[in-house]
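Working notes, structure below.
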Amino acid sequence: MSYIDIFILGWNLNALMFVVNLLLAVKTLKSSNPESLQEQTAILNELHSEFEKYYPNRKLETMFSYLIPFTAFLRVTFRLFEMFAFFSKNRGTSMYDFMVYKYSTDIQKAKNK
């Protein structure tokens, strides 16, 4: 296997994880009603703005991770494992609960530094 084949495989896996992220987002949006989505979006926007104070370059990091072979694949795989662990430990929770948990823990980690 040549280096170019390895790079192409890595980019294909990154693209696969991008599609998995999109499908997960669409599934989450379809499972909620519009009123609760507006309330959840307001709370998540508040958390996201606080998160941006501590991690201002996060969007660039994510964008670069999709350009570097295998990086996004590994990041998303770890995040999916983290979601699975969260949902198996906390029965009856939703993606919204996981996002609030993740933002809160990341903000708390940044504050403790």
Side-chain angles (χ1 to χ4, degrees):
M1 193 174 227
S2 68
Y3 286 115
I4 193 71
D5 293 336
I6 294 170
F7 275 77
I8 290 171
L9 177 64
W11 285 320
N12 286 337
L13 288 173
N14 285 353
L16 172 70
M17 285 302 154
F18 182 75
V19 171
V20 167
N21 269 337
L22 283 177
L23 291 175
L24 193 61
V26 169
K27 180 184 174 220
T28 302
L29 288 175
K30 285 186 177 182
S31 68
S32 299
N33 60 4
E35 294 82 25
S36 67
L37 277 177
Q38 287 179 343
E39 294 170 7
Q40 293 171 357
T41 301
I43 294 169
L44 288 174
N45 281 337
E46 202 175 288
L47 284 170
H48 182 72
S49 63
E50 187 175 353
F51 180 80
E52 285 288 318
K53 292 178 193 173
Y54 296 107
Y55 301 101
N57 299 322
R58 189 63 159 217
K59 288 180 185 176
L60 287 174
E61 291 172 9
T62 303
M63 215 167 37
F64 284 134
S65 74
Y66 280 100
L67 296 176
I68 300 170
F70 297 105
T71 307
F73 173 74
L74 295 173
R75 283 181 63 169
V76 174
T77 302
F78 177 73
R79 184 59 50 93
L80 290 173
F81 175 73
E82 193 176 23
M83 279 186 218
F84 175 74
F86 178 82
F87 291 134
S88 64
K89 186 176 180 182
N90 303 303
R91 296 277 181 207
T93 56
S94 65
M95 182 62 74
Y96 167 74
D97 298 322
F98 175 73
M99 291 174 72
V100 168
Y101 162 76
K102 192 65 185 150
Y103 273 133
S104 300
T105 56
D106 287 347
I107 290 168
Q108 196 59 39
K109 284 180 191 175
K111 284 181 180 180
N112 291 339
K113 281 187 179 181

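We use all heavy atoms of the structure for the numbers below, so side chains are in, but hydrogens, waters and symmetry mates are not. Since the model is a prediction, treat every value here as computed from it, not as a measurement.
- Leu13 is not connected to Trp11 by any chain of hydrophobic side-chain contacts under 4.5 Å among Ile, Leu, Val, Met, Phe, Trp and Tyr, and they are in different clusters.
- At least one side-chain heavy atom of Met95 sits less than 4.5 Å from a side-chain heavy atom of Met83.
- Here Lys59 does not pair with Glu52 in a salt bridge; the nearest charged N to carboxylate O distance is not below 4.0 Å.
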Practice problem: Assess whether side chain to side chain contact (heavy atoms under 4.5 Å, CB included) is satisfied between Tyr96 and Val100, documenting all intermediate values. | Solution: CA-CA 6 Å; Tyr96 167 74; Val100 168; 3.6 Å; yes

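- When all heavy atoms are compared, the tightest approach of Tyr55 to Ala110 is OH-CB, 3.8 Å.
- If you take CD on Glu35 and CD on Gln40, they are separated by 11.5 Å, rounding to the nearest 0.5 Å.
- Atom OH of Tyr101 has 12 or fewer heavy atoms from other residues, nucleotides or ligands within 6.0 Å.
- In the displayed structure, Phe7 atom CZ is contacted under 6.0 Å by at most 12 heavy atoms of other residues, nucleotides or ligands.
- Placement of Val20 and Leu29 in two distinct hydrophobic clusters is found when ILVMFWY residues are connected by side-chain heavy-atom separations under 4.5 Å, directly or transitively.
- With Ser36 contributing its side chain and Ser32 its backbone, the two residues share no donor-acceptor pair below 3.5 Å.
- When the shell of 6.0 Å around CD of Glu46 is examined, it contains 12 or fewer heavy atoms from other residues, nucleotides or ligands.
- Looking at heavy atoms from C-beta onward, Lys113 lies out of side-chain contact with Tyr54 at the 4.5 angstrom threshold.
- Here the side chain of Asp5 pairs no donor or acceptor atom with the backbone of Met1 at under 3.5 angstrom.
- A salt bridge links Glu82 with Arg79: the distance from a Lys NZ or Arg NE/NH1/NH2 to an Asp or Glu carboxylate oxygen falls below 4.0 Å.
- Taking CZ of Phe73 as the start and CD1 of Ile68 as the end, the distance is 16.0 Å to the nearest 0.5 Å.
- For the pair Arg75 and Phe78, the cation does not sit on the ring face, since its NZ or CZ is not both under 6.0 Å from the ring centre and inside 45° of the axis.
- Shown here for Ser104 and Leu47, the closest heavy-atom pair between the two residues is OG-CD2, 4.4 Å.
- Not a single donor-acceptor pair under 3.5 Å links the side chain of Asn14 to the backbone N or O of Leu67.
- Not one N or O on the side chain of Asp97 forms a donor-acceptor pair closer than 3.5 Å with the backbone of Thr93.
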